[in-house]
Protein chains: 2
Amino acid sequence: MNKKRNTTLKELALELGVSISTVSRALSDHPDISSATKENVKELAKRLNYAPNLFARGFRSQESHILGVIVPNISHLFTSTVLEGVLDEAELRGYRVIISESKNNENKQLEMLQTMTQFGVDGVLMSLTKKISDVAQILQILKRVPLVLFDKVSDKIPCTQIVIDEEEAAFNAVEHLIGLGKKRIAILKETENSFNSEKRYAGYLRALKENELPIDEKIILGTEDISLVNGRRLTNVLLSMKERPDAIFAITDSAAIGAIKALNKYKVGIPNEIAVVGFSNSMNSTIIQPALTTVDQPGDTIGRTAVKYLIQEIESPKAAIGTMTVEIKTNLIVRDSTFKI
Amino acid sequence: MNKKRNTTLKELALELGVSISTVSRALSDHPDISSATKENVKELAKRLNYAPNLFARGFRSQESHILGVIVPNISHLFTSTVLEGVLDEAELRGYRVIISESKNNENKQLEMLQTMTQFGVDGVLMSLTKKISDVAQILQILKRVPLVLFDKVSDKIPCTQIVIDEEEAAFNAVEHLIGLGKKRIAILKETENSFNSEKRYAGYLRALKENELPIDEKIILGTEDISLVNGRRLTNVLLSMKERPDAIFAITDSAAIGAIKALNKYKVGIPNEIAVVGFSNSMNSTIIQPALTTVDQPGDTIGRTAVKYLIQEIESPKAAIGTMTVEIKTNLIVRDSTFKI
DNA sequence: AACGTTATCGCAAACGATTGCAGAGACTCA
DNA sequence: TGAGTCTCTGCAATCGTTTGCGATAACGTT
C-alpha cells in the first residue's frame, strides 16, 4: 500500500511564497502575523486539506498527547465500561488512548509499561494484575512518566489511585440484608489476599459488628477463583450445613449468580429462606431469576476521574507526585433476590 | 510532572567517543561495524537502558507501527472479544493499537478516521456505525491508508472485509429448529436494513424454503432497536396470535432472552411449546433459564484475522487494494431452550 | 533628518534516528 | 614503493514542526 504523503507546511509556504515559520505561526494565530496573511494561509490550508503531522509535532515537543491504558482483561464488562469513560474523557481533552491487556501476567504488564514509556505516552492508567511481586520496576517507571492506578490498585505504589469505596459498598450491602431481618449472613470471598476482596470483607465484618451480630467463621468461605462455578460449589457447602445461613453476600456477581443457581436447584426460597447480594451490577444480574440485588460500580465515572487526575499530573509542570486515593461512591441496586416480601 | 528524557544515541556516542551513526549501525547489526565496536555499544546501551525514541523513528520512516481501531461500542461483549483478538495479534506482530468509540455516530466515526490518519496510523480496522449515508469521505481516506472492515461492514466500501458467515449461521440455526420437528418458526429481526440483520433473515428464508415450509409474513417481526425489551414485546405479540409459532429465531441474544422472559411469564413450555434460538453466545445466554441455544461468534478469530489481513496490506508495498470478503465460520451451541425432550 | 517604535516576517537551530556517500587507515600484491 | 582493495567509521542531510532571535520596512517623533 502506497501511503500518500500529507500536505506539509513547506508546501503551503512554497505555494504562498512565504516562509514556513510564517505559515506555522499563521495557523496558530500568533500575534506577529497580519490578519491578511493569516486568512490567506488558513484558506489555502483548508483547500489543501492540511493537517499537521502529529508525529513531527510530538517528536519536537516531547509530548505525544497519548495516554496508555493497561488492564488485565478488556472483555470484562466492568473494565470495558471504565474504558468507555476513559475514551470519552480523553477525547474531550484532546488525548488519544492506547490500550493493552496484561492478561493478569505480571511480566507482560511490566513489558507493556516499558513499551509505552518508550513510545512516549504522556501518562499511564493501569489496573494491576492479581499478583504483584516486583514493585521495584514499576517504581522505576513511575519516575519517568505519570501513573494513575484504578480498580485493582496497591498501596505499595505511591501514586494517585482511583477506587470504588469497596468497604462502604460492602458495608451497605450487608446492612441492607440486616435491615431485612437477616441474622446469619454468609460471605463468599477470595482466599488470596486481593486488595478488593479484603476491603469488601472488612465492610462485611464492620456491618456485622456495628449491628452486634455474631461472626461465624464457618460461613465465611473463600475460593481462589471467585467464579460462577465456585459460587455454586460454595453454596452447596452452605446448604449442607446444619445451621444454614439466611443470606449470602458474594463479593462478585458471578459468584452470586452461581449461588442463585444452586439455591434454585434445591428449591430454596429466594429471598425468604436465603437472600443473595452480589457485587458489580453486571448485565447478568438482571437476567438471572430472581434478579440479583447488587452493588453498582460506576465504571464510567471511574474512567473519567482517572483520566482527569492523570492529565492534571501531566500538565501541572513540577507538582510533586500525588499519592491521593480517590474513592468513588457506589449504589446498591435492590432487586428481587433480597426484596422483603 | 517533569518527564525525564530517555537515553539517546547522542549520549551513547558521546560516552564512547564514537559518532552517532556508528552507534546506530552497531545497534542494528550493520555489517560495516566491527564486532568489537558492536559489543562495546551494545554493552553500554544495555547499561544505560537505551530504548529508541519511537516517535523519532516513526517520524523519519513514516511508519508508526500503530493500528487504529474504531468500533461503535467497546462494551459490547462481542466487540471486546474481537478487540482481545486484535490486541493479541497486533502485539505478536509488533504493532500497537489505538482504540476509539464511534458511539454509532457517523460524524464521530469520520472524525476519528481523520484524526487517526493524521496521527499516522499504518492502517485502520473498523466496524461501521449502523447508518452510513456518506461513503464518499470514507473512500477518500481509503486512498491514504489501508482499511479493513469487520463485523458491521458495507459493500459500498471496496476493501477487505471480515465477517461471520451470517447467512449460513442463521440457516443452521433454523434448520436445527426444523430438525426438532418445528414447522412454524417466527423470526425477530431489525426493520432498518442493517447488513447483518438482512443476511440472517436470508438464511432464515433459505432454511424454510429448502425444507419446503411455508413463509408466513405474520410471524416475521421487525423492530428498530433489537433489544431485550423489544424481544419481550414482540414475543407478547406472537403469543396473542390465534396461530402461535412453535419456535422463535431471534437474530440477537438480547431479543431471544426477552422472548424467553415473556414465555416464562406466561408459563409457555420451552422448548416443547415454543423453542428459542438466539445469536451471539453472550454471557447471558447461560444465565437465563432455560439456557439459550445460540450461535457462537468467534470474536477472537475475527479480530486476529482482521489484523492479519490489515498488516498484509500494509506491508505488501504496492498491492492493489483487496476487496476480498472473508467469512468466518460459526458454531451453533445447543442448550436447553431447544433441546428435544 | 536622524532616531525610536511597531508590525511583520524569515533564518536557522533543534528534536532523535537513519543512511548514502566519502574518507581514513590497514593491508595486499606487483 | 606505489597502487589498489577492503574494513571500518564519520559527515551531513533528511523527515515536519516549532520558536528565539534577528532583519526589514513603514511609520511616528523630535
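In what follows, every chain begins at residue 1, and chains take the letters A, B, ... in the order their sequences are listed.
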* Structure fact -> Numerically ordered, the residues 23-48 of chain A set in heavy-atom contact under 4.0 Å with DNA chain C is A:R25, A:D32, A:I33, A:S34, A:T37

* To do: Determine the interplanar angle of the A:H65 and A:Y95 rings, folded into 0 to 90°, and report it as parallel if under 30°, tilted if 30 to 60°, perpendicular if over 60°.
  => parallel

* **Nucleotide nearest B:V18 when distance is taken to its side chain, options C:dC11, C:dA17, D:dG10** => D:dG10

* Asked: Would you say C:dG16 has OP1 or OP2 under 4.0 Å from some side-chain N or O of B:Y50?
  -> no

* Give the C-alpha distance, both sets of side-chain angles, the deciding distance and a yes or no for salt bridge (Lys or Arg N to Asp or Glu O under 4.0 Å) between B:E84 and A:K103. => CA-CA 10 Å; B:E84 249 187 296; A:K103 308 244 176 223; 3.2 Å; yes

* Should the heavy atoms of other residues, nucleotides or ligands under 6.0 Å from OH of A:Y50 be counted, would the total exceed 12? -> yes

* To do: Give a yes or no on this: more than 12 heavy atoms of other residues, nucleotides or ligands lie within 6.0 Å of atom CD of B:E327.
  => yes

* If we require ring centres under 5.5 Å and near-parallel planes under 30°, does A:F59 stack on D:dT17? -> no

* Any B:T22 side-chain nitrogen or oxygen under 4.0 Å from OP1 or OP2 of D:dT9 -> no

* Asked: Taking OP1 and OP2 of C:dG16, is either one under 4.0 Å from a side-chain nitrogen or oxygen of A:Q62?
  -> yes

* Asked: Does A:R57 have a side-chain nitrogen or oxygen under 4.0 Å from the phosphate oxygens OP1 or OP2 of D:dT18?
  -> yes

* To do: Check every atom of D:dC11, D:dT14, C:dC11 against the side chain of B:R60 and return the nucleotide holding the closest atom.
  => D:dT14

* Asked: Closest heavy-atom contact between B:A306 and B:V148?
  -> O-CG1, 4.1 Å

